[in-house]
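For reference, the structure is listed below as structure tokens.
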Amino acid sequence: LGQQAFQGMVLTFYGRRCAVTGNHIVPTLEAAHIRPVTQGGVYRVDNGLLLRSDVHTLFDRGYLGVNERFELQVSSALREEWGNGREFYAMAGERIRVPALGRDRPSRESVTWHMDQVFRR
């Protein structure tokens with residue numbers, strides 16, 4: 001799969017809703033790789049999340065993460081560096097939206113990699 005096919009699949013499997021916020025305004029939604037292709041990730045739904053564009057940026061920069069139970073993790077660096085993030089701190093620890101079928105949900109390997117390599121502790 002390439003990026004366009006990946007985007008289409010992630011949009012479909014996430015019901016066209018941001019996994020974190022529930023936003024459903026499609027032009028603002030992006031298929032995010034949990035583990036980037038440049039870092040050994042793949043173009044598969046289980047390595048993707050559908051995220052609103054600002055949430056995608058925060059995820060890629062390690063301010064947001066998802067643990068193995070699909071719970072939102074929010075780095076204290078968001079508050080420390082930017083004095084912001086109330087929207088996300090209010091959701092910390094809540095389960096994100098994931099596809100119905102287990103095989104399509106974020107893989108344990110991908111979320112563990114992101115939490116270990118990208119998330120700011």
Side-chain angles (χ1 to χ4, degrees):
L1 289 176
Q3 183 62 34
Q4 277 190 315
F6 176 70
Q7 173 83 12
M9 287 180 54
V10 173
L11 270 166
T12 299
F13 282 88
Y14 278 83
R16 300 183 179 280
R17 288 194 170 272
C18 174
V20 173
T21 67
N23 176 293
H24 57 89
I25 302 171
V26 173
T28 68
L29 299 175
E30 299 174 350
H33 286 91
I34 301 167
R35 183 174 186 160
V37 173
T38 59
Q39 299 290 316
V42 292
Y43 288 108
R44 286 194 331 234
V45 173
D46 68 345
N47 185 43
L49 294 169
L50 188 63
L51 301 175
R52 192 176 68 195
S53 59
D54 62 325
V55 177
H56 186 180
T57 298
L58 293 171
F59 183 80
D60 283 354
R61 294 184 181 176
Y63 294 106
L64 299 177
V66 175
N67 68 19
E68 295 170 358
R69 294 178 303 281
F70 310 124
E71 296 165 338
L72 181 67
Q73 304 298 295
V74 183
S75 172
S76 60
L78 185 58
R79 182 181 299 126
E80 293 163 4
E81 294 176 21
W82 305 106
N84 204 336
R86 271 181 245 152
E87 172 187 8
F88 302 108
Y89 285 107
M91 294 185 277
E94 290 184 13
R95 187 175 163 95
I96 65 165
R97 290 163 186 79
V98 295
L101 295 176
R103 71 171 186 251
D104 300 321
R105 294 177 184 159
S107 75
R108 181 183 189 126
E109 178 185 2
S110 294
V111 295
T112 298
W113 181 90
H114 186 273
M115 289 301 295
D116 290 346
Q117 300 299 318
V118 180
F119 186 72
R120 297 170 180 238
R121 300 212 179 263

Flag the pair Glu30 / His56 as yes when at least one side-chain heavy-atom distance between them is below 4.5 Å, and no otherwise.
-> yes
In sequence, state the C-alpha distance, the side-chain angles, and the governing distance for His24 and Arg16, and then conclude on side-chain contact (heavy atoms from CB on, under 4.5 Å).
-> CA-CA 6 Å; His24 57 89; Arg16 300 183 179 280; 5.6 Å; no
State the NE2-CG distance between His114 and Asn67, to the nearest 0.5 angstrom.
-> 12.5 Å
Taking atom CZ of Phe13 and atom CG of Leu49, what is their separation to the nearest 0.5 Å?
-> 14.0 Å
Salt-bridged, Arg44 to Glu109, with N to O below 4.0 Å?
-> no
Specify whether His33 and Tyr43 have parallel, tilted or perpendicular ring planes, treating 30° as the upper limit for parallel and 60° as the lower limit for perpendicular.
-> perpendicular
Single-linkage hydrophobic cluster, 4.5 Å side-chain cutoff, Leu58 and Trp113 together = no
Return the minimal non-hydrogen interatomic distance between Leu51 and Ala19, and the atom names on each side.
-> CD2-CB, 4.3 Å
Might you confirm whether atom CZ of Arg79 has over 12 heavy atoms from other residues, nucleotides or ligands at distances under 6.0 Å?
-> no
Using a 4.5 Å cut-off on heavy atoms from C-beta on, say whether the side chain of Glu68 contacts that of Thr112.
-> yes
At their closest point, which heavy atom of Ile34 faces which heavy atom of Phe59, and how far apart are they?
-> CA-CE2, 3.9 Å
Roughly how far, to the nearest 0.5 Å, is the CZ atom of Arg61 from the CZ atom of Arg120?
-> 8.5 Å
Which distance, rounded to the nearest 0.5 Å, do you find between the CZ of Arg105 and the OH of Tyr14?
-> 9.5 Å
At their closest point, which heavy atom of Ala92 faces which heavy atom of Val74, and how far apart are they?
-> CB-CG2, 3.9 Å
Working for side-chain contact (heavy atoms from CB on, under 4.5 Å), residues Cys18 and Leu29 = CA-CA 7 Å; Cys18 174; Leu29 299 175; 3.9 Å; yes
Crowded around Arg95 CZ? As in, over 12 foreign heavy atoms under 6.0 Å?
-> yes
Below 4.5 Å, heavy atoms only, C-beta onward: do Thr21 and Glu87 meet side chain to side chain?
-> yes
Would you say Met115 and Val98 are hydrophobically clustered, going by side-chain heavy atoms of ILVMFWY under 4.5 Å?
-> no
Contacts of Glu71 that satisfy salt bridge (charged side-chain N to carboxylate O under 4.0 Å, His left out) - sequence neighbours left out = Arg69
What's the verdict on side chain to side chain donor-acceptor pair (under 3.5 Å) for Asn23 and Thr28, showing C-alpha distance, side-chain angles and the deciding distance?
-> CA-CA 8 Å; Asn23 176 293; Thr28 68; 3.2 Å; yes
Mind listing the closest non-hydrogen atom pair of Val45 and Phe6 along with its distance?
-> N-CE1, 4.5 Å
Identify whether Tyr63 and Phe119 are in the same connected component of the hydrophobic contact network (ILVMFWY, side-chain heavy atoms under 4.5 Å).
-> no
At what distance, to the nearest 0.5 angstrom, does CG of Asp116 lie from CZ of Arg35?
-> 10.0 Å
Does a sphere of radius 6.0 Å around CG in Leu101 hold more than 12 heavy atoms from other residues, nucleotides or ligands, not counting ones at 6.0 Å or beyond?
-> yes
Tell me, do Leu72 and Val20 make a side-chain contact under 4.5 Å, heavy atoms counted?
-> yes
Does Val55 share a hydrophobic cluster with Trp82, counting links as ILVMFWY side-chain heavy atoms below 4.5 Å and allowing steps through other members?
-> yes
Distance col, row Leu64:CG vs Ser75:OG, nearest 0.5 angstrom, shows 8.5 Å
With the 4.5 Å side-chain cut-off for hydrophobic clustering, are Val37 and Val111 part of the same group?
-> yes
